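Fair warning: this is a prediction, and the values are worked out from it, not measured in the lab.
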Amino acid sequence: MSAILFGSISTLVDTSELQRRSFNEAFAAHDLNWNWSREDYRSMLGSNGGADRISEYASDTGTEVDAAAVHATKSEIFQRLISESDVKTRPGVADTIDSAKANGIKVGFVTTTSRDNIDALLAALSPELTADSFDVIVDASSVDAGKPDPASYDFALKTLGENASDSVAIEDNAGGAAAAAAAGITCVAFPNENTAGTEFGSATDTVDALDPERVRALISA
């Protein structure tokens, strides 16, 4: 056996702009005079963790905020937007998962987001993708350290009973790619619309659509 591990919500559905919109609506809800442009947001995507981004931005602007409360509002808005949007899986995602299942390859969803965000996404994608599409789902509550720490990938591999050398990670941001590399997992960079053109470090390949055979080939390469 071996495993293909999807590393974030935006490796399944490109939600990057919905995420940015959610942040900006949350700022307005908390009476913060902040509005992250695409350029602002792109500059923040080298690391994971929305609450940390809020805290760092507050520090940089000399603003006192309850980052956890703002981020909780952002998550609520994001979940609403996902439920209202006609979301679709990114090119090749469904085929890659179907092909993995047909070839006895395990599939994981290894994120640093909340389970509520994951549930909202999968509810919007059902029946194309559901929780049953994955052999393991890792969320922010699964481990103590977020990416680029490899803890989430280590947890997934241990749960699946698989080796890093027999697995492939699909990541859409540099922090996720660094986490996969730290765990010893071959990584395919699958940039979203706000991480396209950025540096993915040790990623083996960078693609704008997943090819099931190409991904499977990396497992035994």
**Q** In terms of relative ring orientation, are H71 and F23 parallel, tilted or perpendicular, with 30° and 60° separating the classes?
**A**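 If you compare the ring of H71 with that of F23, the planes turn out tilted.
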**Q** Compare every heavy atom of D139 with every heavy atom of T113, then report the nearest pair and how far apart it is.
**A** O-CB, 3.3 Å
**Q** Could you check if a side-chain atom of D14 sits within less than 4.5 angstrom of a side-chain atom of V87, using non-hydrogen atoms only?
**A**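 Contact flag for D14/V87 side chains = no.
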**Q** For K147 and G176, which heavy atoms make the closest approach, and how far apart are they?
**A**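 Heavy-atom minimum between the residues: CD-CA, 3.8 Å.
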**Q** Side-chain contact test, heavy atoms from C-beta onward, threshold under 4.5 Å: evaluate it for L5 versus V168 and give yes or no.
**A** no
**Q** What do you reckon, is CG of D66 surrounded by more than 12 foreign heavy atoms closer than 6.0 Å?
**A** yes
**Q** Indicate yes or no for a side-chain donor-acceptor contact from T195 to the backbone of P191 under 3.5 Å, with no hydrogens or angles considered.
**A** no
**Q** How close do N173 and G175 get, heavy atom to heavy atom, and via which atoms?
**A**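 Result for this residue pair: OD1-N, 3.2 Å.
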**Q** Is the backbone N or O of S133 less than 3.5 Å from a side-chain atom of K101, with the two atoms forming a donor-acceptor pair by type?
**A** yes
**Q** Output yes when a side-chain donor or acceptor of T11 lies under 3.5 Å from a complementary backbone atom of S8, and no otherwise.
**A** yes
**Q** Is it the case that one hydrophobic cluster holds both I118 and F155, taking links as side-chain heavy atoms less than 4.5 Å apart, direct or via other members?
**A**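 Different clusters: I118 never reaches F155 through Ile, Leu, Val, Met, Phe, Trp or Tyr contacts under 4.5 Å.
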**Q** Verify the cluster assignment for F200 and L210: are they in a single hydrophobic cluster under the rule of side-chain heavy atoms below 4.5 Å apart?
**A** no
**Q** Shortest non-hydrogen contact from V70 to A26?
**A** O-CB, 3.8 Å
**Q** What are the two closest non-hydrogen atoms of I105 and R216, and how far apart are they?
**A** CD1-CD, 3.5 Å
**Q** Strictly by side-chain hydrogen bond (donor to acceptor under 3.5 Å, both in side chains), give each pair with a member in residues 196-207 just once, sequence neighbours left out.
**A** D205-R214
**Q** Can you check whether L121 reaches F78 side chain to side chain, under 4.5 Å on heavy atoms?
**A**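 No; the side chains remain at least 4.5 Å from each other.
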**Q** Would K88 and D86 count as a salt bridge (Lys or Arg N to Asp or Glu O under 4.0 Å) if you check the C-alpha gap in whole Å, the side-chain angles of each, and the deciding distance to 0.1 Å?
**A** CA-CA 7 Å; K88 293 181 173 61; D86 183 22; 2.7 Å; yes
**Q** Stepwise, does the side-chain hydrogen bond (donor to acceptor under 3.5 Å, both in side chains) test hold for Q79 with D116?
**A** CA-CA 8 Å; Q79 291 157 27; D116 287 343; 4.7 Å; no
**Q** So, do I219 and S167 sit near enough that their side-chain heavy atoms are less than 4.5 Å apart?
**A** no
**Q** Would you please say whether a donor-acceptor pair under 3.5 Å links the side chains of T61 and T63?
**A** yes
**Q** With no hydrogens and no angle check, just 3.5 Å: does a side-chain donor-acceptor pair link S141 and R115?
**A** no
**Q** Does CG belonging to D60 count more than 12 external heavy atoms closer than 6.0 Å?
**A**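 Correct, the count exceeds 12.
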**Q** Could you walk me through whether E25 and R21 pass the salt bridge (Lys or Arg N to Asp or Glu O under 4.0 Å) check?
**A** CA-CA 6 Å; E25 290 191 15; R21 175 181 168 185; 2.8 Å; yes
**Q** Is a side-chain donor or acceptor of N163 paired with a backbone partner of D166 at a separation under 3.5 angstrom?
**A** no
**Q** Between N33 and F27, is there a side-chain heavy-atom distance shorter than 4.5 Å?
**A** no
**Q** Are any non-hydrogen side-chain atoms of I97 and F134 less than 4.5 angstrom apart?
**A** yes
**Q** Determine yes or no for a side-chain-to-main-chain donor-acceptor pair under 3.5 angstrom, with S59 supplying the side chain and S55 the backbone.
**A** no
**Q** Which pairs with one or both residues in residues 32-46 pass salt bridge (Lys or Arg N to Asp or Glu O under 4.0 Å), sequence neighbours excluded?
**A**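 Every pair satisfying salt bridge (Lys or Arg N to Asp or Glu O under 4.0 Å) with a residue in residues 32-46: E17-R38, R38-E193.
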**Q** Just by modelled atom types, is the S99 backbone N or O under 3.5 Å from a matching donor or acceptor in the N103 side chain?
**A** yes
**Q** Could you check whether any side-chain heavy atom of I137 comes within less than 4.5 Å of a side-chain heavy atom of F6, counting everything from C-beta outward?
**A** no
**Q** Hydrophobic clustering (ILVMFWY, side-chain heavy atoms < 4.5 Å, transitive) - are L32 and Y41 grouped together?
**A**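 As far as the 4.5 Å side-chain criterion goes, L32 and Y41 are connected within one cluster.
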**Q** Is the charged tip of R90 near the ring of F190: under 6.0 Å from the six-membered ring centre and within 45° of its axis?
**A** yes
**Q** Are V93 and V136 connected, step by step, through hydrophobic side chains (Ile, Leu, Val, Met, Phe, Trp, Tyr) whose heavy atoms are closer than 4.5 Å?
**A** no
**Q** Checking T111 side chain against V138 main chain: does a donor-acceptor pair fall under 3.5 Å?
**A**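 Side chain of T111 to backbone of V138, a donor-acceptor pair under 3.5 Å: yes, one is there.
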**Q** Is any side-chain heavy atom of L157 closer than 4.5 Å to one of I185?
**A**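 With C-beta onward as the side chain, the pair touches.
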**Q** May I ask you to decide if T15's main-chain N or O and S10's side chain share a donor-acceptor pair within less than 3.5 Å?
**A** yes
**Q** Is it the case that one hydrophobic cluster holds both I170 and L125, taking links as side-chain heavy atoms less than 4.5 Å apart, direct or via other members?
**A** yes
**Q** Under a 3.5 Å cutoff, is there a donor and acceptor pairing between the side chains of S16 and N194?
**A**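 There is such a pair between these side chains.
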**Q** Are a donor atom and an acceptor atom from the side chains of E128 and T89 found within less than 3.5 Å of each other?
**A** yes
**Q** If I compare all heavy atoms of T112 with all of A140, which pair ends up nearest, and what's the gap?
**A** O-CB, 3.4 Å
